[in-house]
Amino acid sequence: MNGRGGGRGGSNNGGNRNWKDQQKRGGSNNGGNGAAGGPQKRPRNGTGNDGGDNDDDFGEEFLELEDQIAAELAADLPPEEYEQLNASSTETINEDTKLSWRRPSVPPLDVKNESLTLQWLDVDMTVGKRLEKNPAGGRVPGAPSGLVPILRFYGVSPVGNSVAVFVHGFTPYLYASCPASFMGSEASFRKAMNDRLLADRQRGGNRGGGGAAGTESNDLCLGASIETDKRSILGYVADPNQTFYKIYVATPNLVPTVKRVLEDGLEVPGFGRLHGVLTFESNVPFVLRFMIDKDITGAGWLECPKGTYRVRGEREKESHCQIEADIVYESLEGHRPEGQWSKLAPLRILSTDIECQGRKGHFPEAEKDPVIQIANCLTVQGEREPIVQNVLTLRGCLPIVGAQVLTHEKEEDLLLSWRAFVQEADPDILTGYNIANFDLPYLLRRADTLVKRAPKLKVFKELGRLRRTLATMKDTTFQSSAYGKRENVETTVHGRVVFDLLPYMFRNHKLSSYSLNSVSAEFLGQQKEDVHHSIISDLQNGTDEDRRRLAVYCIKDALLPWKLMEKLSVLVNYVEMARVTGVPMAFLLTRGQQIKVFSMLLRKCRQSALLIPNLPKNRQDEGTYEGATVIEPKKAFYQDPIATLDFASLYPSIMQAFNLCYSTLLSREEKQALPPSSYITTPSQESFVKPSVRKGILPLILDELLAARKRAKRDMAAATDPMEKAVQNGRQLALKISANSVYGFTGATVGQLPCIPIASSVTSYGRDLLYQTKAFVEEHYTIEKGCSANAEVVYGDTDSVMVRFGVPTVEEAMPLAERAAEEVTKIFPPPIKLEFEKVYFPYLLMNKKRYAGLLWTRPDKYDKLDTKGLETVRRDNCLLVRRVIDTCLRKILIDRDVPGAIGYCKHVIAELLQNKMDISLLVITKALGKSADESGYAAKQAHVELAMRMKKR
DNA sequence: CATACACCCTAG
DNA sequence: TTAGCTAGGGTGTATG
């Protein structure tokens, strides 16, 4: 009997706050809020509240209500009532059905002689009572009293059992500069800091009250040591003599408090007053801190070695996982993702889609409109077909081939059936299309609405792996230059990764439409079942046959996201990205590019005893710097071959070649003290020491990334198993992207560790290399030197030059370009490399960043028509414009019929100008399948567009 | 009607 | 609290 062990929930459920919740709500709003506590008012401080918070208060109040409901249900529901509700919530489903959803049963585990291994995907943190006994023997580190942080890793064993590992005893810490005169101040410092933290907690009001009132600790600053073997990564300093405090605190939320205290000022009796002290690594998420220190990567394999862990019995389990274990952090081991540990566990993926019965002309509202169907597609990573496909319906529904149909008369039973399904199927990943912003929040809100009349729904929101813990949601705004401003609902389902495919598509593919329909058409060549949303209500109110039609549609919508994931190797690629960069997989979904580089940097620094400063945000460093160069284009229609020479990974190779790094950067004063032969000066007049003096961390990271990429590409080529091939491809892709984002990290002025001298040096070298390349080619490929014509660089952008060698055929251009690339490579330091990849023939160069041409990689046949920057590749042009321009380009480049293209344009314009507008509209409307409105706009735009173009000719 | 500027989206 | 970078074409709108 699985997952039904009565008893009470875990002993420390009462006052606990989930880590993700803490980050969301309390966070670090100016004060050390208590580690644990009941619902708390969200701070409304006027400062720094620039994030578009100017709408009404509804969202805010709603969230507070959310908090209260969550707290009430998670903590205050009497255990007996909870157990009773929990048990009765699945009784509408028969045992055989449940069995068909379930994970494989757990083989016997001999904890003394067998290790416990899992591939983990999700992690969170809680605070709870200190573990009493270390299963491995020895002590349990951490605060002697009060609440301590506990990390919970969730994953899957090699045979497919779900596992939760509770990791105890890891203590948060940070570093801070320690003046030389404070040597020997450890004990005094610790006491002063501890007193200050206690006073702070007092002053902040007894917010940590709640269930934890009696367990509050007086040990907040647990220890301080002085370390002399470390250096700041920022700047090369020949004679460092740097000393640092390493400060341990009881809970992670004290780290920012300590930082603030050190900045504001702290009297250390017997030594003096500290103030304006710079802290180091005080901005590292606690979970990441742990992973880095234990050398654990995201989505990797963990091992609890034999004899070091304890498996919890059914009655003491806090989760629904099949296996739940306790271990002290020192015993836990992370495996490098190599050999057998590069494989993927049989992870379970649940793709879900819901249908709601909205009122005509209204978007469904959870407060009013019922959920009528929930379709599910459950798959196991590595298997070709889903293991379960089902649909849960409200009211009757005819059978569907290949899918279970479970019908319900009451909506609350439908919801509870789904909850039972989720708990039995126990997926590691929840996916779907827009589930994070629509389906999941809708279900949660719907349950909140219905719970008043159907109290048994009190347990519905327990969809995660923690008992008596409800899924939560929160509105977030994520803003970045890369992704724009995006408003999101962040849904937390404890222990499962919510992997919504819509944001994935937004982030990874530039498309003109992101509807599931067009995305499926694009990547799967497959359309949705077409049921217009306006008829959903009618179908629901119709016959069993009507509802069947709706269900088929619903199932398809659950199936397609999974098919997309498979087709695009989404999971494999994300797992590899998590492994390469070392961040938890959820970070890849909810955070930006910076955290990945930051993670790699922290890891490498640890090996080199370097510390990363947490610099004050308000430094008015010159925010902007000069970027790449674009060679003035010689605009023309070239009817002879134009060869393209590209630098391979230009910016990473510059950083490697010139040893550009935080740790090699010389200040003006340091430079005076060094012989000129020991450093270089970049074209932007910054100086960096040579690798012989000190090898930079960033170049080191890049060396390793690119070496690993070579291996991955080799392994990919050698692999026979398609899964293995996909893994290696995902890895080489991840490695390439990671290498390319290092430069961006240094130039990110609002980031963890911006360094404009590095970024501007990189671009200045880039500009130099490009100009040198142009000069070399134009100097060495001349009639004077035996060529048939003088070579001419007609265009170039950032890392490429377009060369006209003056030969008439692609076949003749290729060896010349090949040779030129080799010769240019020789004039630059390794690993900078110029490559020849393609020839354009013919080539239409319209302007900077706007050109088109037939692309050749072999002499016998062109590969495709390649277009850059023109209307055809821009998503802000209507389809008609794109189509007309595309036709023109084809006429010009493929047919080489310029008069024909002009004639065609004239024809289109004439049609639009003369009173045939309505006829054109009709034709266009039909051709595009769009509304007349849109086509009208299209026609207008096309008219203007083409008229302009004709004027230019 | 010229100019400046915000905005969008792309190149790399 | 959190967010890779700059260069640059083209459109639309405000302003004198």
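A, B, ... follow the sequence lines: proteins, then strands. Residue 1 opens every chain.
Salt bridge absent: A/E632 and A/K634 never bring a charged side-chain N and a carboxylate O closer than 4.0 Å. A/E263 has no carboxylate O lying under 4.0 Å from a charged side-chain N of A/R260, or vice versa, which leaves the two without a salt bridge. The residues A/R890 and A/D886 are annotated as salt-bridged, a charged nitrogen and a carboxylate oxygen being separated by less than 4.0 angstrom. We find that A/K849 and A/D797 are joined by a salt bridge, their nearest charged nitrogen and carboxylate oxygen being less than 4.0 Å apart. In this structure, A/E704 does not pair ionically with A/R709, as no charged nitrogen and carboxylate oxygen lie closer than 4.0 Å.
Taking the six-membered ring where tryptophan is involved, the planes of A/Y851 and A/Y795 are perpendicular, since the angle between them exceeds 60° and thus also 30°.
Within the 4.0 angstrom heavy-atom criterion, base atoms lie near A/V750. Counting non-hydrogen atoms under 4.0 angstrom, A/G747 reaches the backbone sugars and phosphates but no base. At the heavy-atom level, A/A748 lies under 4.0 Å from the strands shown only through sugar-phosphate atoms.
Atom CG of A/N283 and atom P of C/dT2 are 9 Å apart (whole Å). Residue A/L698 contributes atom CG, which lies 16 Å from atom P of C/dC5 at whole-angstrom precision. Rounded to a whole Å, the CD1 atom of A/I756 is 11 Å from the C1' atom of C/dG4. In this entry the distance linking CG of A/L753 with C1' of C/dT2 reads 16 Å, nearest Å. Separating the CD1 atom of A/I631 from the P atom of C/dA7 is a distance of 16 Å, rounded to the nearest angstrom. Atoms CG (A/L589) and P (C/dA3) sit 14 Å apart, rounded to a whole Å. At whole-Å resolution of the value, CG in A/N614 and C1' in C/dT2 are 13 Å apart. With rounding to whole Å, A/F587 atom CZ is found 12 Å from C/dT2 atom C1'.
Side-chain N or O atoms of A/Y743 include none that pairs as donor or acceptor with a backbone N or O of A/N740 at under 3.5 Å.
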Side-chain polar contacts of residues 649-658 of chain A - donor-acceptor pairs under 3.5 angstrom, sequence neighbours left out - could you list them?
residue : atom : partner : partner atom : Å
A/S653  : OG   : A/S649  : O            : 3.1
A/S653  : OG   : A/L650  : O            : 2.9
A/Q656  : NE2  : A/D703  : OD1          : 2.6

Tabulate atom names and distances for all N/O pairs under 3.5 angstrom spanning the protein and nucleotides 10-12 of chain B.
residue : atom : partner : partner atom : Å
B/dT10  : OP1  : A/V873  : O            : 3.3
B/dT10  : OP1  : A/R875  : N            : 3.0
B/dT10  : OP1  : A/R875  : NE           : 3.1
B/dT10  : OP2  : A/R875  : NE           : 3.4
B/dT10  : OP2  : A/R875  : NH2          : 3.0
B/dA11  : OP1  : A/G869  : N            : 2.8
B/dA11  : N3   : A/K849  : NZ           : 3.1
B/dG12  : OP1  : A/Y851  : OH           : 2.8
B/dG12  : O3'  : A/D799  : OD1          : 2.3
B/dG12  : O3'  : A/D799  : OD2          : 3.2

What are the atom names and distances for every N/O pair under 3.5 Å that joins the protein to nucleotides 2-7 of chain B?
none

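In terms of position on DNA chain C, the residue among A/I595 and A/N847 whose nearest nucleotide sits closer to the 5' end is A/I595.
If you take atom P in B/dG12 and the same atom in C/dG4, they sit 23 Å apart, rounded to whole Å.
Ring pair A/F499/A/Y574: centre-to-centre distance below 6.0 Å.
With C/dA3, C/dA7, C/dG9 as the candidates, the nucleotide lying closest to the side chain of A/V630 is C/dA7.
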